[in-house]
Amino acid sequence: MPELPEVETIKNELTPRIVGRRITDIEVFWEKMVRPLTAGEFRIRIVGQEVTGISRRGKYLRLHLSGGEMLVVHLRMSGSLLLDGASDNKYVNAIIRFDGTTIYFRDPRKFGVMWLAKDEAELDKKLGQEPLEKDFTPRLLADILRKRAAPIKALLLEQDLIAGVGNMYADEALFLAGIHPRRPGSSLTDAEIKRLHKAIQTVLRAGIANKGASIVNYYRPDGDVGSAHHEFKVAHRRGETCPKCGTPLVRITVRGRGTYFCPKCQLAA
DNA sequence: CACTTTGTTTCCAC
DNA sequence: TGTGGAAACAAAGT
């Protein structure tokens with residue numbers, strides 16, 4: 001399930017393969033994935049352009065096109081971008097052909113979407129702080145959380161606050177910081193905020209170093225899986241025990257999302 | 001057949 | 001207006 005580390009990995013591995021190449025054709029088999037444009041309109045706007053660069057913002061991958069627009073790809077939950085030879089023919093909802101290679105947009109659940117954006121502002125206004133940038137400081141995190149009473153887990157998932165943290169890494173960061181997922185954001189002490197800030201960066205950096213987590217559906221462009229999930233302490237570890245204290249992990253629901261934590265290491269108080 | 005999965009949007013209450 | 005929470009939605013695997 002592509003969150004920040006997974007999308008970063010895809011960006012890194014796709015860059016040397018498609019930057020500088022021209023898009024020769026694009027086929028979209030699942031019309032809804034390019035709404036509001038029709039597949040035909042989408043194709044006409046893109047074919048013939050060169051990919052001048054690839055960047056990531058939050059969980060969104062952006063292919064910069066020579067015409068000035070950006071092709072924004074949102075792989076949500078079950079989507080992958082597979083290079084030539086790495087894909088079977090199942091669940092391929094779109095094909096982007098370049099001079100020299102091909103990308104298959106494979107997405108069994110058809111949750112992923114693409115669209116064209118004029119400039120970066122269009123995406124920026126929806127997304128908050130990049131958690132791995134220098135300007136993400138404990139002070140900034142404190143400012144974000146100070147006036148919010150919602151559960152800290154819910155706040156970590158809000159993309160307009162911090163961009164790129166999803167369900168797995170939110171659970172991991174809270175475990176590492178020793179904070180209960182239901183704690184109100186405004187109740188965190190300065191020491192806890194400092195720990196959480198560090199934990200967020202630690203789990204995201206580890207995720208990138210391990211090339212992403214392949215718990216359910218996540219394939220790198222060459223078809224390989226990532227290994228970040230082997231390092232997970234609590235996320236998705238249903239029925240297992242806490243690696244630190246041996247207490248059985250607990251699963252609760254926070255804002256409708258499955259949430260795993262250790263009831264002993266992450267006290268509710 | 002109910003349930004799970006995630007990110008986003010929409011709707012409602014306060 | 002902002003906030004919090006619930007529900008809906010996308011589709012398929014278990």
Side-chain angles (χ1 to χ4, degrees), chain A residues 1-8 10 28-36 39 56-62 72-81 88-94 105-115 117 122-128 130-131 143-174 181-188 203-204 207 212-219 225-226 228-229 232 234-240 249-261:
Chain A
M1 330 103 136
E3 301 179 24
L4 188 154
E6 289 74 34
V7 179
E8 182 72 14
I10 293 168
V28 175
F29 309 114
W30 179 248
E31 283 278 343
K32 285 181 181 173
M33 83 182 298
V34 294
R35 266 189 324 198
R56 178 195 59 73
R57 177 82 169 92
K59 306 172 192 175
Y60 299 82
L61 189 73
R62 311 182 295 196
V72 184
V73 179
H74 187 193
L75 298 169
R76 108 176 152 187
M77 178 129 169
S78 62
S80 18
L81 298 179
D88 52 26
N89 292 325
K90 277 184 94 176
Y91 309 122
V92 172
N93 297 324
F105 195 136
R106 182 182 190 274
D107 190 358
R109 306 208 184 156
K110 299 193 174 89
F111 288 175
V113 293
M114 304 190 273
W115 70 92
E122 202 169 312
L123 197 51
D124 263 10
K125 66 185 174 197
K126 297 174 67 176
L127 298 177
E130 282 292 327
D143 288 342
I144 288 172
L145 302 180
R146 182 175 305 144
K147 44 201 182 305
R148 300 293 302 268
I152 181 63
K153 164 81 183 271
L155 297 174
L156 289 180
L157 298 180
E158 290 189 13
Q159 302 299 298
D160 56 346
L161 299 180
I162 300 169
V165 179
N167 206 31
M168 309 179 291
Y169 293 100
D171 280 357
E172 287 302 302
L174 288 170
R182 283 230 173 95
R183 286 276 303 283
S186 55
S187 79
L188 268 58
V203 300
L204 293 178
S214 298
I215 284 187
V216 181
N217 271 294
Y218 159 67
Y219 295 99
V225 296
H229 52 297
F232 282 174
V234 293
H236 288 269
R237 297 216 175 269
R238 192 189 296 261
E240 297 184 38
L249 297 176
V250 171
R251 181 191 180 276
I252 59 176
T253 299
V254 177
R255 277 274 235 279
R257 295 292 159 255
T259 299
Y260 299 84
F261 71 104

For D171(A) and K153(A) the tightest heavy-atom approach is OD1-NZ, 2.8 Å
Set of side chain to side chain contact (heavy atoms under 4.5 Å, CB included) partners for [X], sequence neighbours left out:
| X | result |
| --- | --- |
| I144(A) | L140(A), L161(A), I162(A) |
| R56(A) | L4(A), V7(A), E8(A), K11(A), E130(A) |
| P108(A) | S78(A), Y91(A), R106(A), N217(A) |
| A94(A) | V28(A), M33(A), F105(A), M114(A) |

Could you tell me the separation between the [atom1] atom of [X] and the [atom2] atom of [N], rounded to a whole number of Å?
| X | N | atom1 | atom2 | value |
| --- | --- | --- | --- | --- |
| F111(A) | dA11(C) | CZ | P | 8 Å |
| M33(A) | dA10(C) | CE | C1' | 12 Å |
| R76(A) | dA8(C) | CZ | C1' | 12 Å |

Does R255(A) make a side-chain N or O approach to OP1 or OP2 of dG4(C) shorter than 4.0 Å? no
All ring pair (Phe, Tyr, Trp, His ring centres under 6.0 Å) counterparts of H229(A), not counting sequence neighbours: none
Quick one: ring pair (Phe, Tyr, Trp, His ring centres under 6.0 Å) partners of F232(A), sequence neighbours excluded?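 Checked F232(A) against ring pair (Phe, Tyr, Trp, His ring centres under 6.0 Å); matches are Y169(A).
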Nucleic acid contacts - residues 149-173 of chain A versus DNA chain C, non-hydrogen atoms under 4.0 Å: A149(A), A150(A), P151(A)
Under 4.0 Å, heavy atoms only, any strand: does R257(A) hit a base, just the sugar-phosphate, or nothing? base
Y218(A) near the nucleic acid: base, sugar-phosphate alone, or nothing, with a heavy-atom cut-off under 4.0 Å? nothing
Is the backbone of [Y] close enough, under 3.5 Å, to the side chain of [X] for a donor and an acceptor to pair up by distance?
| X | Y | result |
| --- | --- | --- |
| D107(A) | N93(A) | no |
| E3(A) | G58(A) | no |
| S214(A) | G212(A) | no |
| R57(A) | L127(A) | yes |

Position toward the 5' end of DNA chain B (nearest nucleotide), K126(A) or Y260(A):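 Between the two, 5'-proximity favours Y260(A).
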Partner residues of D143(A) under the salt bridge (Lys or Arg N to Asp or Glu O under 4.0 Å) criterion, sequence neighbours left out: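 R146(A).
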Residues forming a salt bridge (Lys or Arg N to Asp or Glu O under 4.0 Å) with R237(A), sequence neighbours excluded: E240(A)
Close N/O contacts between protein and nucleotides 12-14 of chain C (under 3.5 Å):
| unit_1 | atom_1 | unit_2 | atom_2 | d |
| --- | --- | --- | --- | --- |
| dA12(C) | OP1 | K110(A) | NZ | 3.4 |
| dG13(C) | OP1 | Y91(A) | OH | 2.4 |

Using chain A heavy atoms and a threshold of under 4.0 Å, write down where along DNA chain B the contacts begin and end, 5' to 3'.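 Boundary nucleotides touching chain A, in 5' to 3' order, are dT4(B) to dT9(B).
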Using C1' atoms of five pairs at each end, report the bend of the helix from dA2(B)-dT14(C) to dC14(B)-dG2(C) rounded to 10 degrees. 50°
